[in-house]
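Here's the structure, in structure tokens; my notes come after.
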Amino acid sequence: MNPTNYLVLASVLFTLGAMTVLLRRNAVIAFMGVELMLNASNLALVHLSRHHGDLQGQVLAFFVMVVAAAEVVVGLAIIVAIFKTRRSASVDDADLLKG
Amino acid sequence: MPDVEALAPALVAVPLAAAALLLVLGRAADRWGHWLAVLASWAAFVVGAVLALDLLGRPAEERVVDVTVGRWFDAGSLAVDAGIRLDPLSITFVLLVTFVGSLIHVYSVAYMAHDRDRRRFFAYLNLFVAAMLLLVLADSYLLLFVGWEGVGLASYLLIGFWNHRTPYAVAGKKAFVANRVGDIGLLVAMGLLLAHVGALDFASVDAAARSGALSEGTLTAVGLMLLLAACGKSAQFPLQSWLGDAMAGPTPVSALIHAATMVTAGVYLVVRSASVFDGAPTAQLVVVVVGAITLVFGAVVGCAKDDLKKALAASTMSQIGYMMLAAGLGPVGYAYAIFHLVTHGFFKAGMFLGAGSVMHAMDDEVDMRRFGGLARLLPVTAVTFGLGWLAILGVPPFAGFFSKDGIIEAAFVPVEGAPWRAWVFGLVALLGAGVTAFYMSRLFFMTFAGRRRWSDGHDEGRGTAPAPAGAHPVGTPAPVHHPHEAPLLMVVPMVVLAIGSAVLGLVLATRGFTTWLEPVTGHAEHEEPVLPVPVIIAATLVVVAAGLALAALRYARDEVPVVPPVGTALTRAARVDLYQDAVNDAALVEPGTHLTRTLVFADRAAVDGAAVGVGALTVRAGTAARRAQTGLVRSYAATTLLGVVVLGGVVLALGS
Amino acid sequence: MSAALDAAVLAPAVVMSLTESGRTTTGEAVLFWVIAPITVVAAFGLLFARKAVHAALSVVLVMISLAFLYVAQDAVFLGVVQVVVYTGAVMMLFLFVLMLVGVDASDSLVETIRGQRWIGWLAGIGLGVVLVSVVGRATWATPVGLAEANADSNPVGVARLVFGQHVFAFEVVGALLVTAALGALVLTHAERLTPRRGQRERAVARVRAGGPLTPLPAPGVYARSNAMDVPALGPDGRPLEQSVSRVLRVRGQAADSPGTLVPTTRPDGTVTLAPAGSAGDAGRRREVEARPDPTVGRDAAEAGSDAASDAASDAAAEGVRP
């Protein structure tokens with residue numbers, strides 16, 4: 001099998017994650033789309049790490065995971081806070097930045 | 001007395017300190033403040049007298065003493081010392097200002113007795129004395145300018161002293177503005193001198209002008225600018241309009257500032273700048289023309305005015321026109337200009353004080369048509385006023401005869417290359433003497449002679465000269481007056497000034513006053529007028545007698561109508577000061593207003609419009625761009641992703 | 001946990017390596033072709049799932065599959081971390097928040113932003129095309145493989161880099177995690193805006209409101225049936241709607257009122273209680289149904305959190321309501 005297939009898989013997953021962000025209104029689901037995109041990039045990093053025979057890619061993926069964990073904590077806290085004030089988990093309802 | 005010059009700064013400092021003290025202490029000094037001011041003024045006179053005696057004790061060539069007070073400021077290459085120049089000219093002015101000023105201080109103590117702001121009045125008077133002394137004592141144009149502005153300030157404050165009455169406040173403002181126009185001239189002249197001479201002290205300027213280091217064009221420009229300044233301060237044509245309104249101030253102010261001293265500062269400036277004018281014949285000619293025009297102008301206006309003080313103001317203007325004319329004639333005229341200035345200071349101040357006395361007696365009435373027959377009730381005033389009247393007429397041997405006659409003779413002295421000038425200016429001066437005689441006699445007769453045209457409340461019983469119908473608005477009774485002679489404090493200064501009017505001319509003429517001034521004015525070779533001197537004197541006396549006789553016929557023998565007759569076109573014009581305010585309005589105020597309005601419009605339309613337009617454009621652009629900001633996260637994400645796709649597509653397309 | 005253990009135990013056993021030609025081994029190819037479709041399908045599940053919980057489970061599936069692929073590519077450590085951190089911690093957090101937030105109209109797939117759906121599909125497909133094109137067009141050197149780098153086992157190799165070259169970044173990330181935890185605390189902290197209401201305050205408010213001071217009657221008291229959905233009867237014989245659970249009333253599941261029993265004189269002279277005409281009662285029922293309780297939506301959302309908080313204050317509020 002051509003190892004490049006891993007990258008194609010990563011591309012497909014990344015695209016699906018991005019579409020989830022664009023198309024789903026539930027903030028939690030959109031957030032999961034973001035996580036999916038991060039995972040897809042991690043897959044690409046891991047594959048390229050093997051391709052180059054260098055562990056730096058894995059280290060980078062590791063850091064991505066840690067930062068993603070922090071991001072999830074804060075992001076979900078924000079979602080909860082918004083929900084408490086607006087009684088809604090829809091990203092479309094939070095449009096205070098409307099010009 | 002080797003160090004007596006060191007006293008000179010005290011001349012300015014003492015009145016200035018008194019003024020500051022009175023203003024700072026405020027109401028606390030109300031009870032004794034006026035006496036402090038009188039004391040300060042007399043102290044200045046004493047110092048001036050001591051200095052004058054010291055100067056008289058020196059040989060003629062040592063009579064110019066410069067006293068340096070200290071370094072005033074350094075500005076790059078320009079270093080200015082504050083210094084005092086004591087010479088015959090300045091000491092003459094010092095004596096005039098302090099003596100007449102002190103007399104008027106004394107007079108004012110009684111005249112302003114019932115004014116609750118008397119202390120403030122005296123503070124301003126002292127401020128004026130200090131500024132005037134600084135003006136005449138300064139040894140440079142810059143320091144002179146300080147005094148020049150100081151007297152302008154004091155004049156403004158005193159004209160508007162009763163500023164709770166709007167017309168008076170407006171009159172003060174008018175004087176201030178007209179003076180500012182003149183001040184521009186002095187500033188420009190100083191700038192020119194600074195550029196071409198590099199110094200502003202009289203010694204340097206004199207040296208540069210006499211050595212020929214300055215071109216005639218420069219001297220002419222400086223001279224004309226100095227003349228502009230003099231016109232503003234001395235109410236000369238075309239800046240004469242403020243003097244009549246300045247009579248709004250208390251009468252002692254009119255006597256001191258607007259008759260005897262401040263308004264003559266212009267003449268002082270021209271004489272002080274003799275070296276400049278001597279090198280600029282064109283500027284001299286303009287000075288003479290301005291003097292002649294003002295002389296006639298003031299005389300014509302004086303003939304028509306019914307307001308006692310305004311008639312005197314017109315006379316002042318006319319007399320200063322004489323001085324200006326003389327000052328423009330060059331060395332032949334300088335001495336006579338100053339001579340006339342001194343005698344005029346005495347007799348005009350005396351007459352103003354007499355006018356104040358009349359107003360005091362008549363409850364501040366100033367309309368001469370409501371006077372008449374006051375000589376019997378105010379004998380001292382009538383006599384002192386009469387002496388001043390004879391002096392201004394030039395009746396020998398009173399003061400005006402010596403000074404004015406000298407000017408007329410000087411005017412007849414031929415000028416090389418322009419023989420017409422002697423005749424024109426000589427005849428103008430001669431004619432002016434006649435007109436002066438007419439209007440001053442008219443003023444005197446209307447006030448003191450003839451039958452009384454006022455009511456003392458017993459008219460019906462005695463049946464004499466009831467107030468004619470129409471003299472007062474229907475329904476208001478004619479004001480009732482009980483004229484009485486002024487208190488002693490007012491009478492004494494009048495008497496002193498009247499004595500001066502009577503004998504000062506004779507004294508000074510015989511003691512060689514003109515020679516005394518030569519260290520400043522330069523020596524003038526005696527030149528023969530185009531007419532023999534006895535002829536000129538005779539002609540002058542004849543013209544004066546004619547004017548006097550005409551006035552006597554019309555105003556002493558005939559009944560003076562209380563309601564002014566319509567009069568000729570010239571009379572009507574003269575009553576409104578020959579339309580000077582209308583001309584000013586049309587020539588300056590209206591165009592200025594239009595210019596300002598145009599500028600404001602242009603500012604609003606162009607400048608503001610541009611600014612507001614840019615702002616409005618920004619707002620509109622912002623409103624348009626705002627629509628892109630939906631606040632919806634998913635729209636933003638879609639935009640971002642589309643951007644990524646487009647960028648990736650571009651990279652792909654370029655990379656293939 | 002078990003998945004992580006399995007991966008850790010299996011890792012040394014299934015060390016994958018590339019062939020000399022740079023292609024994968026057959027075993028890896030089989031693993032890939034089994035797992036990749038599952039992953040893609042699960043990702044589509046995230047995109048299309050109607051219920052948020054289903055979406056979350058799909059993501060869990062994707063992440064576990066990815067853990068397998070990491071292990072297959074000689075990234076044993078990352079495979080374990082993937083399971084522990086993502087599947088074990090992050091996705092559990094997601095599920096927890098989903099329970100907290102509940103389900104609402106935003107789960108619907110109906111688009112509300114005009115054009116967003118078209119733009120989303122266009123951008124998504126465009127992105128996929130671009131990414132795949134990049135991968136396809138790239139020129140690849142012969143893969144190196146991690147046999148050499150993983151000589152001392154993969155975790156040791158990663159640890160050398162993390163605690164060597166990247167130790168500063170590691171510390172910073174640690175600080176970031178602490179900060180994130182604090183940030184979450186701050187963000188979710190509820191500020192008390194009104195003074196705390198104790199027993200006294202509640203009692204005072206209740207008296208002031210003028211409602212019934214005594215406990216409400218239990219359903220079915222004096223009624224013909226003592227079932228949960230039958231209102232009790234008051235002293236006047238009228239049914240007390242309040243005695244039935246609020247939830248039942250809102251749902252319209254309260255039983256038909258037994259009607260008002262009024263004293264009736266029979267022809268034989270005895271007096272009995274008989275229900276009055278039932279028309280009025282039917283009207284009352286409709287009235288109750290036609291007036292939806294404004295707190296219904298909130299109640300659904302708050303289910304579990306504060307439903308049992310204070311029945312007393314709810315009852316007081318009921319008493320105030322006309």
Side-chain angles (χ1 to χ4, degrees), chain A residues 1-9 11-20 22-26 28-29 32-33 35-36 39 42-43 46-47 49-56 58-59 61-63 65-70 72-74 76-81 83-84 87-90 92, chain C residues 23-24 29 32 36 39-40 43-44 46-47 52 55-56 59 62-63 66 69-70 73-75 78 81 85 89-90 93-94 97-98 100-101 104 106-107 112 117 120 123-124 127-128 131-132 135 140 143-146 148-149 157-158 161-162 166 169 173 176-177 180-181 183-184 187-188 301:
Chain A
M1 183 193 80
N2 188 344
T4 316
N5 286 343
Y6 284 112
L7 292 179
V8 176
L9 177 63
S11 302
V12 171
L13 292 181
F14 189 92
T15 305
L16 288 170
M19 286 174 70
T20 305
L22 292 193
L23 295 176
R24 296 305 294 259
R25 278 186 295 156
N26 188 319
V28 182
I29 293 178
M32 284 194 267
E35 293 303 311
L36 186 58
N39 270 292
N42 270 357
L43 177 61
V46 167
H47 172 72
S49 168
R50 181 165 75 151
H51 186 82
H52 293 295
D54 188 346
L55 287 178
Q56 296 280 8
Q58 292 189 16
V59 171
F62 171 71
F63 279 123
M65 284 182 192
V66 179
V67 174
V72 163
V73 169
V74 176
L76 286 177
I78 291 173
I79 289 174
V80 169
F83 181 79
K84 277 162 93 176
R87 295 285 160 207
S88 161
S90 167
D92 291 352
Chain C
R23 296 182 69 83
T24 56
F32 179 84
T39 316
V40 173
F44 271 106
L46 167 67
L47 186 52
V59 175
V62 169
M63 286 174 174
L66 286 178
L69 292 182
Y70 290 170
Q73 294 186 85
D74 297 339
L78 275 188
V81 171
V85 172
V90 170
L93 203 55
F94 266 102
V97 169
L98 270 179
L100 207 60
V101 169
D104 63 7
S106 66
D107 286 349
T112 50
R117 172 158 297 191
L127 182 68
L131 289 178
V132 172
V135 171
W140 300 99
V144 177
L146 286 170
E148 190 183 341
V158 172
L161 282 173
V162 168
H166 299 293
V173 162
L176 175 70
L177 277 174
L187 280 171
T188 52

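The sequence lines fix the lettering, A, B, ..., with proteins before strands; numbering per chain opens at 1.
- Interface remark: of the candidates C:Ala29, C:Ala55, C:Gly128, C:Gly145, C:Gly145 forms the most heavy-atom pairs closer than 4.5 Å to chain A.
- The contact between C:Val59 and chain A is made entirely by side chain atoms (from C-beta outward), counting heavy-atom distances below 4.5 Å.
- The one candidate from C:Leu47, C:Val132, C:Leu127 that meets the side chain to side chain contact (heavy atoms under 4.5 Å, CB included) condition with A:Thr15 is C:Leu127.
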I would like to know whether A:Leu13 and C:Leu66 meet side chain to side chain contact (heavy atoms under 4.5 Å, CB included); could you show each step before the answer?
CA-CA 11 Å; A:Leu13 292 181; C:Leu66 286 178; 4.0 Å; yes
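- A:Leu23 approaches C:Gly120 most closely through the heavy-atom pair CD2-CA, 4.1 Å.
- With a threshold of 4.5 angstrom between heavy atoms, A:Leu55 approaches chain C through its backbone and through its side chain.
- Only the backbone of A:His52 comes within less than 4.5 Å of a heavy atom in chain C; its side chain stays farther off.
- In this structure, CG on A:Asn2 lies 10.0 Å from CZ on C:Phe32, to the nearest 0.5 angstrom.
- Minimum interatomic distance between C:Ala184 and A:Ala77 (heavy atoms only, all atoms of both residues): CA-CB, 3.7 Å.
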Do A:Phe83 and C:Val97 pass the side chain to side chain contact (heavy atoms under 4.5 Å, CB included) test, and can you show the C-alpha distance, the side-chain angles, and the key distance before you say yes or no?
CA-CA 10 Å; A:Phe83 181 79; C:Val97 169; over 6 Å; no
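- Contacts of A:Phe62 with chain C are made by both backbone and side-chain atoms, with heavy-atom separations under 4.5 Å.
- At a 4.5 Å heavy-atom cutoff, C:Ala89 makes no contact with chain A through either its backbone or its side chain.
- Listed here is the closest heavy atom pair of A:Gly53 and C:Ala149: O-CB, 4.1 Å.
- Chosen from A:Met19, A:Glu35, A:Met32, A:His47, the residue pairing most often with chain C at heavy-atom distances under 4.5 Å is A:Met32.
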Candidate pair A:Met65 and C:Leu78, rule side chain to side chain contact (heavy atoms under 4.5 Å, CB included), full reasoning
CA-CA 9 Å; A:Met65 284 182 192; C:Leu78 275 188; 3.9 Å; yes
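- Proximity to chain A involves both the backbone and the side chain of C:Ala56, based on heavy atoms less than 4.5 angstrom apart.
- Contacts of C:Val62 with chain A are made by side-chain atoms alone, with heavy-atom separations under 4.5 Å and no backbone atom involved.
- With rounding to the nearest 0.5 Å, the separation of CG in C:Leu98 from CD1 in A:Ile29 is 7.0 Å.
- By number of non-hydrogen pairs under 4.5 angstrom with chain C, the leading residue of A:Asp54, A:Val8, A:Asn42 is A:Asn42.
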Can C:Leu161 and A:Gln58 be said to form a side chain to side chain contact (heavy atoms under 4.5 Å, CB included), step by step?
CA-CA 10 Å; C:Leu161 282 173; A:Gln58 292 189 16; over 6 Å; no
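- Once rounded to the nearest 0.5 Å, the distance linking CG of C:Leu93 with CG of A:Leu76 reads 5.0 Å.
- Among A:Val73, A:Val72, A:Val74, A:Leu43, the residue making the largest number of heavy-atom pairs under 4.5 Å with chain C is A:Leu43.
- The candidate from A:Ala61, A:Gly33, A:Ala70, A:Gly17 with the greatest count of non-hydrogen atom pairs under 4.5 Å with chain C is A:Ala70.
- A:Lys84 NZ to C:Leu187 CG: the interatomic distance, rounded to the nearest 0.5 Å, is 10.0 Å.
- The structure places CH2 of C:Trp140 at 6.0 Å from NE2 of A:His51, a figure rounded to the nearest 0.5 Å.
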